[in-house]
Chemist: 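Quick one: structure below, then a few questions.
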Amino acid sequence: MQGQEHSESELLQIRRDKLNTMVARGIDPFGGRFDTTHQPGALRRDFQPDLEVKVAGRVTARRTMGKAVFFDLSDITGRIQCYVNKKEIGDEAFELLTELVDIGDWLGVSGKTFVTKTGEPSVHTETLQVMSKALRPLPDKWHGVTDREIKYRQRYLDLISNERSRDTFVQRSLMVAEIRRFLQDRGFLEVETPMMQDVPGGAAATPFETFFKALNMAMYLRIAPELFLKRLLVGGFTKIFELNRNFRNEGLSRRHNPEFTMLEAYWAFSDFEQMADLVESMVCHLAEKFCGGLLIEHKDDEGNVTRTINLQRPWRRAPYKELIKGVAGEGWFELSLDDKKAKCAELGVEVSGGMVDYEVSQQVFEKLIEEKSFDPLFVTHVPAELVPLAKQNKADGSVVDVYELVINGQEISPGYSELNDPIVQRERLEHQAGEETQKVDEEFLLALEYGMPSAGGIGIGIDRLVMMLTGAESIRDVVLFPQLKKK
RNA sequence: GCGUGGGUAGCUCAGCGGUAGAGCAGUUGGCUUUUAACCAAUUGGUCCUGGGUUCGAUCCCCAGCCCACGCACCA
């Protein structure tokens, strides 16, 4: 452990020397059990004076004033200031704090709470215990880590030094817990279905492939849990959800991470409209609980409001074709493919040569409607080609009974009246058009033949939902360890 | 994959054809209620990597690596 070579920078060497001095003085630099009474942030928020407390945290600031020292102990909950007086605590402990402890070290402190002259809630330190010696210095105390690469590759440094990141990830955790509670309160059971599948179904996406040695077979990380959850409907679960990771072997972007968190819920005997109500009430519930209301303000780093999203109910619901006609003209769907493409050029929508008719319309939808819709919009009656797993509309078989919920310029949630006719389902899967097709899962079709109850189903992209609610501009700011290229 | 921008001290950044600078952190000294504590002094750098141009490259050119943003694929 000791005596690293000369290539160690001076900063690291000094910290190692302090570590060795601690050991020489019989101080364990890496602590042990310490029974805390409070977390730093919680203690500061619900502060009461004259309380005997034990808190532990990382030293994130230290202000030495001769024979007195102030230092901050921090963790994910926040910070609390501690005060040390040399005469009271004794020379040995005082020297430990001022000469051997560095910013970045973890300390356990016991003492009595009080408020300083300047009104700062503090702990009057009586004993000190080193919980861990940090051998490397922390990022800039004022700016924190701003280098995106360090933020993502060494997320712990971002969490230590950036309050906004801490808040976002704590919020995300609480939101996910609240989503589970919301569904459980309404009688939904959480289930877990395979992430490793031999047929990657339930969506049209490129899967990650892996190999299972014991069975000598190729396997795929799931792109969606849908086909397994539907098997559970066949099995008699009537209200279920799964909230976990999906994997798609596609590009990285501000809105895409190859592994992302998806909620899927199925409710037997329901339909897409009731599922829309469910999603609407769930998202509003989260907003009221975590954002203080239904107006969500997104802010930049300076605190200026850059966007306001209005979640007040009822949310707008509009048919897909009507929305497109609204931006591309009443006669859009009567135009030939070539005329549609010409119109796209006029509208500034890029289309590629190989696109078929409905794909061109879809492109118009994505560029001129989806990306420009920030307040919630349920897009209903989507062309059947786009959604092979949903029921066709009784009045118009060219569309399906689904919604696509757009908020914040992104698709946040699809909801279906689930297709449960095994004969139609087989046809729809076998006659998919276009380049993006879903795999045909025979085991799924077999299950359907035993009878799947009619049902409504939803998916919610949790990362994007959290982005919308927290104002994060990139999915990387709501995923703790986003995928980056290997260095 | 393509395009644009970026990579300089532990961190945040400035600089620029003549081999580097600030603030913070660190070190030393001072200070018993401070909070981006303060005052004084001071250490610290393969200027992302490899080629090229040049008397001389951190700077200009080429290639590569990584990051960000946009486009494409997708949710």
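As the structure is a prediction and not an experimental result, all values here were calculated from the model.
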Chemist: Hey, is the side chain of Arg63(A) poking within less than 4.0 Å of OP1 or OP2 on U34(B), counting only N and O atoms?
Modeler: no
Chemist: Counting any heavy atom closer than 4.0 Å, what does Asp463(A) reach on the DNA or RNA strands: base, sugar-phosphate only, or nothing?
Modeler: nothing
Chemist: C47(B) and C60(B): how far apart are their P atoms, nearest whole angstrom?
Modeler: 15 Å
Chemist: Give me the distance, rounded to whole Å, that separates A14(B) from U32(B) when you measure between the P atoms they each carry.
Modeler: 40 Å
Chemist: Would you say that more than 12 heavy atoms from the other residues, nucleotides or ligands in this model lie under 6.0 Å from the CD of Glu190(A), or not?
Modeler: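 Yes.
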Chemist: Give the nucleotide from the list U35(B), C71(B), A75(B) with an atom nearest to the side chain of Glu120(A).
Modeler: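 Among U35(B), C71(B), A75(B), the one nearest the side chain of Glu120(A) is U35(B).
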Chemist: Could you walk me through whether Glu346(A) and Lys343(A) satisfy the salt bridge (Lys or Arg N to Asp or Glu O under 4.0 Å) test, starting with their C-alpha distance in whole Å, then the side-chain angles of each, then the deciding distance to 0.1 Å, before giving a yes or no?
Modeler: CA-CA 5 Å; Glu346(A) 221 174 280; Lys343(A) 183 80 180 177; 3.7 Å; yes
Chemist: For Thr64(A), answer base if it contacts any base atom (sugar-phosphate contacts may also be present), sugar-phosphate if it contacts only those atoms, and nothing otherwise; contact means non-hydrogen atoms under 4.0 Å.
Modeler: base
Chemist: Does any donor-acceptor pair link the side chain of Asp140(A) with the base of G23(B) at a separation under 3.5 Å?
Modeler: yes
Chemist: Suppose we call a contact any N or O donor and acceptor under 3.5 Å apart; does that hold for the side chain of Gln81(A) and the base of U34(B)?
Modeler: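 Looking at the base of U34(B), it does pair with a donor or acceptor on the side chain of Gln81(A) (distance under 3.5 Å).
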Chemist: When we call it a touch if two heavy atoms are under 4.0 Å apart, what does Leu11(A) touch: a base, just sugar-phosphate, or nothing?
Modeler: base
Chemist: I want to check one thing: is the phosphate of A25(B), taken as OP1 and OP2, less than 4.0 Å away from some side-chain N or O of Lys141(A)?
Modeler: yes
Chemist: Between A72(B), A75(B), U34(B), which nucleotide gets closest to the side-chain atoms of Ser253(A)?
Modeler: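 Looking only at side-chain atoms, Ser253(A) lies closest to A72(B).
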Chemist: CD of Gln154(A) versus C1' of C67(B): gap in Å, rounded?
Modeler: 14 Å
Chemist: Which whole-number value in Å describes the distance from Lys486(A) NZ to C65(B) P?
Modeler: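 In whole Å, C65(B) P and Lys486(A) NZ are 14 Å from each other.
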Chemist: What integer number of Å spans the P atoms of G52(B) and G44(B)?
Modeler: 32 Å
Chemist: Please check if the distance between the ring centroids of Phe272(A) and Tyr416(A) is under 6.0 Å.
Modeler: no
Chemist: For the pair made of CD in Gln362(A) and P in A72(B), what is the distance, rounded to whole Å?
Modeler: 13 Å
Chemist: Between U33(B), G10(B), C67(B), spot the one nearest the side chain of Pro137(A), thanks.
Modeler: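 Selected nucleotide: G10(B).
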Chemist: Between U32(B) atom P and Ile89(A) atom CD1, what is the distance in whole Å?
Modeler: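 It is 17 Å, rounded to the nearest whole Å.
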Chemist: With the side chain of Phe70(A) defined as its heavy atoms from C-beta on, choose the nearest nucleotide among U33(B), C71(B), C13(B).
Modeler: U33(B)
Chemist: Determine the Euclidean distance between corresponding C1' atoms of G15(B) and A22(B); express it in Å to zero decimal places.
Modeler: 11 Å
Chemist: Which whole number of Å gives the distance between the P atom of A9(B) and that of C69(B)?
Modeler: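 Rounded to whole Å, the distance is 22 Å.
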Chemist: Do Glu120(A) and Phe70(A) have side-chain heavy atoms sitting under 4.5 Å apart?
Modeler: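 When only atoms from C-beta onward are counted, Phe70(A) and Glu120(A) do not touch, as no gap falls below 4.5 Å.
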Chemist: Take the angle between the ring planes of Phe182(A) and His285(A) and call it parallel below 30°, perpendicular above 60°, tilted in between.
Modeler: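 Rings of Phe182(A) and His285(A): tilted, 30 to 60°.
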Chemist: Ignoring the backbone of Ala68(A), work out which of G26(B), U32(B), C24(B) is nearest its side chain.
Modeler: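 Given the options G26(B), U32(B), C24(B), the side chain of Ala68(A) is closest to U32(B).
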Chemist: To the side chain of Arg248(A), which of A75(B), U33(B), U32(B) is closest?
Modeler: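 Nearest to the side-chain atoms of Arg248(A), counting from C-beta on, is A75(B).
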Chemist: Under 4.0 angstrom, heavy atoms only, what part of the nucleic acid is Asn257(A) near: base, sugar-phosphate, or nothing?
Modeler: base
Chemist: Could you give the distance separating C2(B) and A63(B) at their P atoms, to the nearest angstrom?
Modeler: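 A63(B) and C2(B) have their P atoms separated by 12 Å.
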Chemist: What is the separation between atom CG on Asn244(A) and atom C1' on A75(B), rounded to the nearest whole Å?
Modeler: 16 Å
Chemist: What integer distance in Å separates Lys117(A):NZ from U35(B):P?
Modeler: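 Rounded to whole Å, this separation is 11 Å.
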Chemist: Is Arg79(A) near enough to A36(B) that one of its side-chain N or O atoms lies under 4.0 angstrom from OP1 or OP2?
Modeler: no
Chemist: Are more than 12 heavy atoms from other residues, nucleotides or ligands located less than 6.0 Å from atom CZ of Arg45(A)?
Modeler: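 It does: Arg45(A) CZ has more than 12 such atoms within range.
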Chemist: Mark yes or no for a side-chain to base donor-acceptor pair under 3.5 Å between Thr118(A) and U35(B), with no hydrogen or angle criteria applied.
Modeler: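 It does, because a donor-acceptor pair links the side chain of Thr118(A) to the base of U35(B) below 3.5 Å.
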Chemist: Check whether any side-chain N or O of Lys151(A) sits under 4.0 Å from OP1 or OP2 of C11(B), and answer yes or no.
Modeler: no
Chemist: So, is Arg15(A) close to the G26(B) phosphate, meaning a side-chain N or O under 4.0 Å from OP1 or OP2?
Modeler: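 For G26(B), neither OP1 nor OP2 has a side-chain N or O of Arg15(A) closer than 4.0 Å.
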Chemist: Can you tell me how far C1' in A25(B) sits from the matching atom in C16(B), rounded to whole Å?
Modeler: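 It comes out at 26 Å once rounded to the nearest Å.
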Chemist: Taking for each residue the nucleotide of RNA chain B bearing the nearest heavy atom, is the 5' side occupied by Arg148(A) or by Gly144(A)?
Modeler: Gly144(A)
Chemist: Measuring from the side chain of Tyr152(A) (C-beta onward, heavy atoms only), which nucleotide among A36(B), A68(B), G26(B) has the closest atom?
Modeler: A68(B)
Chemist: Judged by each residue's nearest nucleotide on RNA chain B, which is more toward the 5′ side, Leu484(A) or Glu250(A)?
Modeler: Leu484(A)
Chemist: Could you state the atom-to-atom distance from CD of Gln13(A) to P of A9(B) in whole Å?
Modeler: 21 Å
Chemist: Determine the contact category for Gly461(A): base if any of its heavy atoms lies under 4.0 Å from a base atom, sugar-phosphate if only primed atoms, P, OP1 or OP2 are that close, otherwise nothing.
Modeler: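 If one applies the 4.0 Å heavy-atom cut-off, Gly461(A) turns out to touch nothing in the nucleic acid.
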Chemist: For a quick check of understanding: with a heavy-atom distance under 4.0 Å over all strands, which category does Leu252(A) fall into, base, sugar-phosphate or nothing?
Modeler: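 Answer is base: heavy atoms of Leu252(A) come under 4.0 Å of a base.
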Chemist: Does U12(B) have OP1 or OP2 under 4.0 Å away from a side-chain N or O of Thr146(A)?
Modeler: yes
Chemist: Expressed as a whole number of angstroms, how long is the span from Glu371(A):CD to C71(B):P?
Modeler: 7 Å
Chemist: Please check the phosphate of A72(B) (OP1 and OP2 only) for any side-chain N or O of Lys367(A) closer than 4.0 Å.
Modeler: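 So the side chain of Lys367(A) is within the cut-off, an N or O lying under 4.0 Å from OP1 or OP2 of A72(B).
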Chemist: Is the shortest distance from a Lys or Arg side-chain nitrogen in Asp102(A) or Arg16(A) to a carboxylate oxygen in the other one below 4.0 Å?
Modeler: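 A salt bridge is absent here (no side-chain N lies under 4.0 Å from a carboxylate O).
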Chemist: Applying the ring-ring contact (aromatic ring centres under 6.0 Å, His included) criterion to Tyr320(A), which one of Tyr358(A), Phe378(A), Phe365(A), Tyr403(A) satisfies it?
Modeler: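 Between Tyr320(A) and the candidates, ring-ring contact (aromatic ring centres under 6.0 Å, His included) is satisfied uniquely by Phe365(A).
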Chemist: Given A36(B), U27(B), A68(B), identify the nucleotide with an atom nearest to the side chain of Lys18(A).
Modeler: U27(B)
Chemist: One thing to verify: whether Glu126(A) and Lys54(A) come together as a salt bridge, which I'm taking to mean a side-chain N less than 4.0 angstrom from a carboxylate O.
Modeler: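 The answer is no: the pair does not qualify as a salt bridge.
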Chemist: Considering only side-chain heavy atoms of Val145(A), which listed nucleotide, G10(B), U34(B), U12(B), is closest?
Modeler: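 When the side chain of Val145(A) is considered, U12(B) is the closest of G10(B), U34(B), U12(B).
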Chemist: Please state the C1' separation for the pair U28(B) and U49(B) - nearest whole angstrom.
Modeler: 38 Å
